[in-house]
Amino acid sequence: MSPFGGHGVPFRRIPAMVMPEKPSLDGLESKWDEWWQASGTYRFDRSTSRDQVYAIDTPPPTVSGSLHVGHVLSYTHTDLTARFQRMRGLEVFYPMGWDDAGLPTERRVQNYFGVRCEPSLPYDPAYDYASLERPDDREQIPLSRKNFIELCGRLTAVDEKAFEELFRHLALSVDWDHSYTTVGDRSRRASQRAFLRLLANNYAYTAEAPTMWDVDLRTAVAQAEIEDREQEGQYHRIAFDREDGGVVEIETSRPELIPACVALVVHPTDERYMASVGSTVLTPLFRVPVPVLAHELADPEKGTGVAMICTFGDVTDVTWWRELRLPARVIMQKDGSIGKKTFGERGWESRDPEAANAALDQIAGMYAKKARKRIVEMLKESRHLLGEPQTIRHPVKFYERGDRPLEVISSRQWFVRTLEHRDDLLKRGAELDWHPPFMQARYDSWVRGLNADWCISRQRFFGVPFPLWYRVDEKGNPNYDEPLVPEESLLPIDPLADVPEGFSADQRDQPGGFTGDPDIMDTWASSSLTPQIAGGWEDDPDLFSRVFPMDLRPQAHEIIRTWLFYTVLKSQLEHGSLPWTNVAISGWVLDPDRKKMSKSKGNVVTPLGLLEQHGSDAVRYWAASARLGADATFDEQQMKVGRKLAIKILNASRFTLGMEAAPGEVTEPLDRSMLAALGSVIGEATDAFAGYDHARSLDLTERFFWAFTDDYLELVKHRAYGAHGEAPAASAVAALRTALDALLRLFAPFVPYVTEEVWSWWRQGSIHRAAWPVAEDLGPGAAQGDREIYELGAEILTAVRKEKALQKVSLRAAVDLVTVHDVPERLALLTHVERDLMEAGNVARIETVVADSPSVITVLAPVEG
RNA sequence: GGGCGCGUAGCUCAGCGGGAGAGCGCUCGCCUCACACGCGAGAGGUCGCAGGUUCAAAACCUGCCGCGCCCACCA
């Protein structure tokens, strides 16, 4: 027999309806997941007005990776809030995105199909992708960009299906009708449109400028993708000869850049070098005359106090170069090797060009590390190297996924103005509600530390191309100052395949013709538009007006400087507003050794395995116990506790709903007392949840619930069975059901499966569309309840149990006499629980003694026979 | 180098100006008519260290120590 009754009952009927004899968690997950999907429980009602909508900017997971426990943690956190807000009556817009753009997908598709992206190829709409299966060791087949993107879509569709299944299993209350991919048309259209608007508003510009450059990927990278790595290096003390005799000593860790030296610099107030400022020195080996200049950024404490300015050793060099208006002598090439230059020519003046060229020949073609070694030998021979190099450890900039240090290389790139918006961006950051608040410090320190505009162009092939062409003049030079832009309605376009209006295809790359921009955008240029993409910006204005700006951005803290920052930036520049009002930052999952869990460390815990082993409600319980912003320890014990809770909810509910007496008015003081206590729990749990503190909400509810089953249920069950007559029984049954009804709803966001199951036994519709409880639900009796009665009853019951435990007898063991010592006010309340206590503890008599402090003495009855 | 967070029972954590707490684990008991996937009870802590403020400090201030993270102009 299926839980549906086995006779083809229509899907939309609630599946259970009947309380089972022996409730179990088995089968609940697939049953309810199916029903939720079929009945559209989480479907977004797009007729709702903006003020009744709660919109979530879901993070699109990278589909070419795999989901790990960290996803389970953070996506559960988001779902908790989604469910809470939905129950509070808001229409929740909870879409799902799939990040299938970017390098990971590119690599995966390359390897999986044995292909590569070749943007210059024309699109073949009839390409037979099936022919690509089984790549073996044949050569990589080149594909046009559009074909490559289609192929990515084919592969990632499979991944997306698997991800969706896991997320559904985890009970994410996502509306699956609202999903998007970052490589899809909508995303590319939005990215290109956003770029064109930046361009139109002069927020984007192109420039030939020094930027951070990865010599392996051979592309520019943005500041946000750079990380410092502590590396070993060496300080070399090197003498520059003064033309008027004497030397100026500098220290550098990059002597191979001496041929690129354009000046020396000292701090303007540095007494030691004041006399040298304005003089000319000759670079060692190359004998290039360079000036000694003064600038505030020179640090008298570092090295000798004199720094060598090269074009370009680091970003400080760029600053000096720009502010001191120095010439450029670039020797570093895009592949990271030293280039060949001719000293003696214009811009490469030397007092001894022959020697200079000979010296450069020694290192030309070498990569930095090798060139350094060679030049140090040469400096040693020429006696310009003073003393032995000193080994140091210093931070070196790397592309976050790169293997070799970044170089600063001048190239033409597209930039988005960020520096001039710094103050606005800081203001927006302050307007956001951060959960937890201290995470704002990460954002602030990042924005304050910005030192360059956002370089958004990448010299890669797979990604969203710039929707631009450039006119080519008669000499064959592109005119970058006046790019040709397409109509927005034509987006997305590929400038390497599509032809600009007014030109024909055969004019491509011809003098007097046009050329397409060869670059693609930084992946963050698309990712920073997730609220717009999910919300239907320009594509679906009606939807967009109902969901934007959104209410919540959930995300991890390590991408505050990228995803969060760029999203705020884009929204500011396009809409002049924040993209959302709240940000919820989940922590990482740490393994028991306190290290971040990751598959690279060998901590292979698959989420699906966890869900199957412990149950989704149990795993969610673990995730829900971790607060936002705090790293969570991977703790299967906690999942077992969650499972116990789910089972307890089943059993307590069955018991409560199985009472035969009809519920009546809640008249008994103990019942009212319990409901009064529940009323304040509802208040506190609601406040906590509304403040994004789901862990506290759960803790409060759970604490109440366990006491409810241990004490209240025990105290009233005999009365509920009718031990004291009909009215007292009716009061107990009513109070039990009222409490259960509210507790189930308080628990619903945390353990959606088991609460839905119990709800179906006696209520209509989905609990996840039911109203979040309020104290008024508990009826007038609760308002009149005195919470101390419940507390007193529980305390005395505990004291009686304790005596039985100490005597090692059954909890059903008969008690002759219980003497309650307490203050008069509390003793006065005892009458309200006396009879329930006698039943629950199997107590024959209760006596009271007035005392200064409470204590209970229990006398067990002698065992019969 | 600057910043943020965290250091409370064996473990995971809550508490954040007036009783040192919860769950798990451990020990001991209990087949009590919802649940043995259960129930009850117990043991267990100089609240990282040192100063200070206060009638009162785990909580507030200062300084250190340890752990994690974020940021930082590589001379």
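Residue numbers begin at 1 in each chain, while the letters A, B, ... track the order of the sequences.
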[N] versus [M] - spacing of their [atom1] atoms, nearest Å:
N	M	atom1	answer
B:rC16	B:rC6	C1'	14 Å
B:rA9	B:rC69	C1'	28 Å
B:rU62	B:rU46	P	28 Å
B:rC47	B:rC13	C1'	13 Å
B:rA50	B:rU12	C1'	29 Å
B:rC55	B:rA72	P	46 Å
B:rC70	B:rC37	C1'	44 Å

Measure the distance from [atom1] on [X] to [atom2] on [N] and round it to the nearest whole Å.
X	N	atom1	atom2	answer
A:H394	B:rA72	NE2	P	17 Å
A:Y621	B:rC24	OH	P	9 Å
A:K644	B:rC35	NZ	P	16 Å
A:L797	B:rC39	CG	P	14 Å
A:N651	B:rU32	CG	P	17 Å
A:M639	B:rC13	CE	C1'	15 Å
A:I647	B:rC39	CD1	P	10 Å
A:K22	B:rC33	NZ	C1'	13 Å

Between the side chain of A:D617 and the main-chain N/O of A:V754, is any donor-acceptor distance below 3.5 Å?
-> yes
Reckon A:D228 touches a base, only the sugar-phosphate, or nothing at all at heavy-atom distances under 4.0 Å?
->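 Result for A:D228 = base.
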With a distance cut-off below 6.0 Å to the six-membered ring centre and an angular limit of 45° from the axis, does A:R627 pair with A:Y692 as a cation-pi contact?
->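 No; the conditions do not both hold, so A:R627 does not lie above the ring face of A:Y692.
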Base paired to B:rG51 (Watson-Crick or G-U; both N/O distances under 3.5 angstrom) |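 For B:rG51, the partner nucleotide comes out as B:rC61, under the 3.5 Å rule.
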Any strand is fair game: report the nucleotide pairing with B:rC24 by Watson-Crick or G-U wobble, both distances under 3.5 Å, or none.
->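 Per the H-bond distance test, B:rG10.
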Candidates B:rC73, B:rC30, B:rC13 - which lies nearest the side chain of A:R627 | B:rC13
Is any N or O donor-acceptor pair between the side chain of A:K648 and the base of B:rC35 shorter than 3.5 Å?
->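 By the distance-only test, yes, there is a pair.
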Select from A:T798 and A:T656 the residue whose nearest nucleotide in RNA chain B is closer to the 5' end of that strand.
-> A:T656
